[in-house]
Amino acid sequence: MVISRTQTSGLHSSPAAAFRRKVNDLRSEGRTVIDLTAGDLDFPSPPHAVEAAVRAARAGETRYTNVDGTPELKDAVREHFRRQNGLSFDRSEIIVSTGSSQAIANAFAVTVQPGDEVIIPTPSWATYAGQAALAGGSPVFVSCAQNNGFKLRAADLAGAITERTRWIVINNPVNPTGALYTGAELAELCTVLRQHPHVRVLADNLYEHLVFDGRKAVTPLEVAPDLRDRTVTISGVAKSYSMMGWRIGYAAGPPALIADMTRVQYLTTSCPSSISQAAAAAALLGPQDLLAERADILRAKRDLLVDLLNGAAGLACAPPEATFYLCVSCAGVIGRRKADGGVVATGADVSDHLLQAAGIAVLPGEAYGMPGYVRASFAVPTEDIHQAGRLIAEACRALA
Ligand SMILES: Cc1ncc(COP(=O)(O)O)c(C=O)c1O
């Protein structure tokens, strides 16, 4: 296990956004680029959610709402947790935020002091570290071995906890690896946490519906209800319902902590958009069949991209159990030479080479704590996946 503690400010931009700038520069020069970097899905938002937003706007629901969300959306969120996880919460245990990003930042803002530590199993979504640092804390990265499916082992969690640990982040399913913790694996982590009552659990379930092959995403409170007084469970409509730009996320947690998070939210953004809240409530309470239908479409795209990339000399990837990201090992191309004589030495070099030589954008794994890997999204049109597979294979063949 590698534990790395960092004192950096952690204030960085989104790796995907930074890379998108390069893509846009190339496109402005007339190059065709297939973009596999996005954290967005290429599905439309559910039509009944869009209709609900239009109705809300027309009905004059255009005023500030309660800072922590409308009672209607809070009740829809309660219904979501009941249906998805069998968990019941009072309204006082729910906050609605401008995206789950804000809910997470709120939670850290009200609990983390300078010198406090936030344990982040890596590979991980890059933003947790910045959010912990923004609150004055130090991210503690605990690397999760590939031979354990990039998942945190209980012994490694035990080794990383100190008296300054305030939080452990448990993102299930995991961005960027697509790994899915089983209930038994979460239960083992919770056994460790029982011995450390000062550590809170931030359970981020944002990708909970993008799960394949008959699996189901479990959240820590389902296996360890006794940790309820120190667990904040996060989700949102962005990925499940393809409502990224509506900016609605939510958190369920102990009422006192939710009240503190509401105070911070009041001081930063106040309430989330009234129109988006109406849309999110409609998505959560409306027909849910689209979740399984979309997961099936994504699974087919996953299988296609996995096959194509495994056919490219030097690349290797396993089908992820969830999300819409593939973690691609570049071990077989690292050390090889490009036409200009330069050696490909890192995941960032691979992503640069694929962009320059093939017009394919994938994110360097280094941004997610996965050196030697790249992250490729398969939530793109099927024709793009075919085309990308062919061009990536050519670009790999061109390396000597
Ligand atoms: C793991 C994870 N959590 C949270 C978020 C934040 O999502 P949003 O603020 O759109 O709800 C993202 C976004 O990509 C993510 O990947």
Side-chain angles (χ1 to χ4, degrees), residues 12-20 36-43 45 49 69 73 77 80 94-108 118 120-132 134 139 144 150-152 167-181 201-211 217 219-220 232-252 261 265 268-269 272-273 276-277 279-280 283-284 298 320-327 363 365 367-370 375-379:
H12 56 78
S13 336
S14 143
F19 209 82
R20 203 164 307 128
L36 306 183
T37 64
D40 296 85
L41 292 125
D42 65 334
F43 298 121
S45 298
L73 179 51
V77 169
H80 156 79
I94 304 286
I95 179 172
V96 177
S97 296
T98 302
S100 55
S101 310
Q102 189 188 14
I104 300 166
N106 286 343
F108 290 163
V118 174
I120 302 171
T122 54
S124 70
W125 183 45
T127 309
Y128 297 125
Q131 287 170 321
L134 191 61
C144 304
F150 288 118
K151 291 188 266 191
L152 180 65
W167 290 93
I168 157 83
V169 174
I170 301 182
N171 175 212
N172 190 38
V174 184
N175 171 12
T177 59
L180 186 68
Y181 286 83
V201 181
L202 190 126
D204 178 350
N205 305 344
L206 196 65
Y207 294 83
E208 62 199 337
H209 292 297
L210 306 178
V211 173
T219 196
V232 172
T233 306
I234 307 262
S235 195
V237 293
K239 316 286 175 173
S240 296
Y241 297 94
S242 206
M243 292 178 68
M244 293 72 55
W246 298 82
R247 308 306 305 128
I248 295 292
Y250 26 84
M261 288 164 64
Q265 182 157 296
T268 50
T269 59
S273 148
S276 294
Q277 290 189 69
L284 290 172
L298 283 174
E321 297 175 309
T323 75
F324 49 91
Y325 307 119
L326 275 191
C327 262
L363 284 173
Y368 297 87
M370 290 188 305
R375 189 193 83 168
S377 161
F378 47 89

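Counting convention: from 1, in listed order, for ligands and their atoms alike. Along the sequence shown, the residues carry numbers beginning at 1.
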Would you say that Ile248 contacts Val96 through its side chain, given a criterion of any heavy-atom pair below 4.5 Å between the two side chains? yes

Thr37 to Leu363 - nearest heavy-atom pair and separation: O-CD1, 3.6 Å

Determine the interplanar angle of the Phe324 and Tyr207 rings, folded into 0 to 90°, and report it as parallel if under 30°, tilted if 30 to 60°, perpendicular if over 60°. tilted

Which pairs of N or O atoms, one from ligand 1 and one from the protein, are separated by less than 3.5 Å, and what is the distance for each pair?
{"residue": "ligand 1", "atom": "3 (N)", "partner": "Asp204", "partner atom": "OD2", "Å": "2.6"}
{"residue": "ligand 1", "atom": "7 (O)", "partner": "Ser100", "partner atom": "OG", "Å": "3.3"}
{"residue": "ligand 1", "atom": "9 (O)", "partner": "Ser100", "partner atom": "N", "Å": "3.2"}
{"residue": "ligand 1", "atom": "9 (O)", "partner": "Ser101", "partner atom": "N", "Å": "3.0"}
{"residue": "ligand 1", "atom": "9 (O)", "partner": "Ser101", "partner atom": "OG", "Å": "2.5"}
{"residue": "ligand 1", "atom": "9 (O)", "partner": "Arg247", "partner atom": "NH2", "Å": "2.8"}
{"residue": "ligand 1", "atom": "10 (O)", "partner": "Arg247", "partner atom": "NH1", "Å": "2.7"}
{"residue": "ligand 1", "atom": "11 (O)", "partner": "Ser100", "partner atom": "N", "Å": "2.8"}
{"residue": "ligand 1", "atom": "11 (O)", "partner": "Ser100", "partner atom": "OG", "Å": "2.6"}
{"residue": "ligand 1", "atom": "14 (O)", "partner": "Lys239", "partner atom": "NZ", "Å": "3.0"}
{"residue": "ligand 1", "atom": "16 (O)", "partner": "Asn175", "partner atom": "ND2", "Å": "2.8"}
{"residue": "ligand 1", "atom": "16 (O)", "partner": "Tyr207", "partner atom": "OH", "Å": "2.7"}

Apply side-chain hydrogen bond (donor to acceptor under 3.5 Å, both in side chains) to Asp204 and list each qualifying residue two or more places apart in sequence or on a separate chain. Tyr128

Under 3.5 Å, side chain of Gln277 to main-chain N/O of Pro272, donor-acceptor pair present? yes

Just wondering, do Ser101 and Trp125 contact through their side chains at under 4.5 Å, heavy atoms? yes

